[in-house]
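Please read the structure below before turning to the comments.
We use all heavy atoms of the structure for the numbers below, so side chains are in, but hydrogens, waters and symmetry mates are not.
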Amino acid sequence: MLRIGLTGGTGSGKSTVAARLSELGAVVVDADLLAREVVAPGTPGLADVAREFGDGVLAADGSLDRAAMARIVFADDERRRALELITHPLIAARTRELAAAVPSGGVLVHDVPLLVEKGMGANYHLVVVVHADAGERVRRLVAGRGMDTDDARARVRAQASDDERRAAADVWLDNAGSSEDLRTAMDGLWSSRLAPFALNLAAGRTAARSTQAVLVDPSPEWGAAGQRLVARVARVAGERARGVEHIGSTSVPGLLAKNCIDLQVVVADLATAGQVADDLRSAGLVRRDGRWWDGDPDAGHDKALAQNADPGQMVNCHVRTTDSPAWRDALLLRDWLRVTPSGVEEYAALKTRLAAQPHETIDEYADRKTPWMLAALVRATE
């Protein structure tokens, strides 16, 4: 099952995206609706809230008086936490129940308005952010929901900034146009990325990738993409990981590269490396079968390798053992390049020349870079 976190500022058009995803076949779980469901009249949740806060938070018809509840919890962090201790476990249990009904190869969309504010991105295979600029969101809130202009502006200001949402977004949907434009964009995203990603995960297969080295200009998005993937991998690996890092060319600002995020996980031994690589399907990565040498085959060091099931972003995750020198070399080369502009220029020129030469596989291209990299490691050590 593919887990997608869907978010966006109030008035951004997130509801339109959620509705279209449901029409396309996804199971949509709306966090706000669940928060209301677990304290609906007659539920144990509402009984617990009344017991904790008193009958003053109940309306005349026995339902929760949300305005009265808001006055209490927004003015007192301890009372807010008391409410969350009641409602959050109930919401989580209901979310798990709905997720369990999603078939293999299916897509679960978790619609969470405060996903970015609560730092929940690592819980999902992908985070989709729906964006509209602040002025447009205020206009929609006033025109569509009848809000006062000042209240609408205050609500927009109180939420995550555009920069914070962009850093969390694997997919950024710009909703500056019409609802039909947004639906068309969603249809393309579903067919080209989301549906294939879900099927790849269910089948335990990696996404197809080119056998040729295709270099692209450095992207300012690589750093944030690396951080998101590191967080997902670290969440899955847990205490088994001695470290999780973004390595390789996309981790060096200003260096042209294949559009591939390389990650490194360091663990105690090869058995643990295999277990972690297997578990990384929860992070959207699929373990590659076979034996993978870590550096020089004569040195006898192996690693496990997991790669992307997502057709929208290439990823290589190298799961290495503490006794392999390769993990130190990867960090050393990365950090040396980050502070050595001349090294970046040399390496970029070499990669451009080698990528233009005939090669049948990516491994062949990579092998031709090895002499330069070994010499660069000597320079970095010195």
Side-chain angles (χ1 to χ4, degrees), residues 122 125 200 204-207 209-211 213 222-223 225-252 255 257-310 313-338 347 351 361-370 372-374 376-377 380:
H125 293 114
N200 287 341
R205 63 173 176 251
T206 58
R209 56 174 65 184
S210 173
T211 59
W222 285 339
Q227 290 177 4
R228 292 192 298 270
L229 287 161
V230 163
R232 288 174 183 136
V233 168
R235 176 180 173 274
V236 173
E239 295 182 355
R240 295 174 294 180
R242 307 293 177 86
V244 183
E245 300 268 1
H246 179 194
I247 59 170
S249 294
T250 56
S251 70
V252 179
L255 178 59
K258 303 187 302 296
N259 185 21
C260 180
I261 305 295
D262 280 279
L263 306 175
Q264 172 175 274
V265 186
V266 180
V267 298
D269 51 54
L270 193 58
T272 304
Q275 294 168 1
V276 168
D278 286 336
D279 293 344
L280 286 179
R281 195 180 297 191
S282 292
L285 307 176
V286 176
R287 183 180 181 181
R288 289 290 305 276
D289 293 334
R291 188 174 187 182
W292 298 88
W293 296 107
D294 203 13
D296 182 1
D298 294 334
H301 296 292
D302 293 2
K303 68 178 177 183
L305 179 67
Q307 293 179 322
N308 55 292
D310 176 10
Q313 177 61 69
M314 283 196 297
V315 182
N316 294 326
C317 186
H318 312 265
V319 189
R320 293 173 161 135
T321 58
T322 53
D323 63 348
S324 170
W327 69 265
R328 293 184 181 86
D329 290 345
L331 296 180
L332 178 60
L333 184 60
R334 178 198 69 183
D335 294 345
W336 177 74
L337 284 169
R338 283 177 172 178
Y347 193 23
K351 286 160 56 127
T361 66
I362 290 292
D363 288 341
E364 185 178 345
Y365 160 80
D367 288 344
R368 292 173 182 174
K369 296 189 299 180
T370 300
W372 185 91
M373 296 176 72
L374 292 175
L377 283 168

Stepwise, does the side-chain hydrogen bond (donor to acceptor under 3.5 Å, both in side chains) test hold for T361 with D363?
CA-CA 5 Å; T361 66; D363 288 341; 5.1 Å; no
[Y] backbone acceptor or donor facing [X] side chain under 3.5 Å:
X    : Y    : value
H125 : S282 : yes
S251 : G248 : yes
T250 : C260 : yes

Closest heavy-atom contact between [X] and [Y]?
X    : Y    : value
D302 : R291 : OD2-NE, 2.6 Å
V286 : A309 : CG2-CB, 3.9 Å
Q307 : R288 : OE1-NH1, 2.6 Å
I247 : R320 : CD1-NH1, 3.8 Å
S249 : K351 : OG-NZ, 2.7 Å
V230 : E245 : CG2-C, 3.9 Å

Could you verify whether a donor N or O on one side chain and an acceptor N or O on the other, from W222 and N259, lie under 3.5 Å apart?
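Note: W222 and N259 side chains meet the donor-acceptor criterion.
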Taking atom types as modelled, find out whether H318 and D262 have a side-chain donor-acceptor pair closer than 3.5 angstrom.
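Indeed, the side chains of H318 and D262 share at least one donor-acceptor pair under 3.5 Å.
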Starting at [atom1] of [X], measure out to [atom2] of [Y] and round the result to the nearest 0.5 Å.
X    : Y    : atom1 : atom2 : answer
W327 : T321 : CH2   : OG1   : 10.5 Å
R228 : I261 : CZ    : CD1   : 8.5 Å
L280 : Q275 : CG    : CD    : 12.0 Å
R338 : L255 : CZ    : CG    : 11.5 Å
I362 : S210 : CD1   : OG    : 6.0 Å
L285 : R232 : CG    : CZ    : 9.5 Å

May I have the step-by-step check of side-chain hydrogen bond (donor to acceptor under 3.5 Å, both in side chains) for D269 and T272, ending in yes or no?
CA-CA 5 Å; D269 51 54; T272 304; 2.7 Å; yes
Which label fits Y347 and W372: parallel for a plane angle under 30°, tilted from 30 to 60°, or perpendicular past 60°?
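Parallel, since the angle between the ring planes stays under 30°.
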Steps toward side-chain contact (heavy atoms from CB on, under 4.5 Å) verdict (Q313, D310)
CA-CA 6 Å; Q313 177 61 69; D310 176 10; 3.9 Å; yes
Are D329 and M373 close enough, and set up right, to give a side-chain contact (heavy atoms from CB on, under 4.5 Å), and what steps lead you there?
CA-CA 10 Å; D329 290 345; M373 296 176 72; over 6 Å; no
Tell me, do R209 and N316 make a side-chain contact under 4.5 Å, heavy atoms counted?
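The answer is yes, as the side chains (C-beta and beyond) meet within the 4.5 Å cut-off.
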How about T206 and N200: do any of their side-chain heavy atoms sit closer than 4.5 Å?
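When only atoms from C-beta onward are counted, N200 and T206 do not touch, as no gap falls below 4.5 Å.
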SB check R240 D279 (cutoff 4.0 Å):
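Salt bridge between R240 and D279, a charged N being under 4.0 Å from a carboxylate O: yes.
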With side-chain contact (heavy atoms from CB on, under 4.5 Å) as the criterion, how do V265 and R242 come out once you've worked through the C-alpha distance, each side chain's angles and the decisive distance to 0.1 Å?
CA-CA 7 Å; V265 186; R242 307 293 177 86; over 6 Å; no
Under the side-chain contact (heavy atoms from CB on, under 4.5 Å) rule, what do L305 and C317 come out as? Steps first, then yes or no, please.
CA-CA 6 Å; L305 179 67; C317 186; 5.8 Å; no
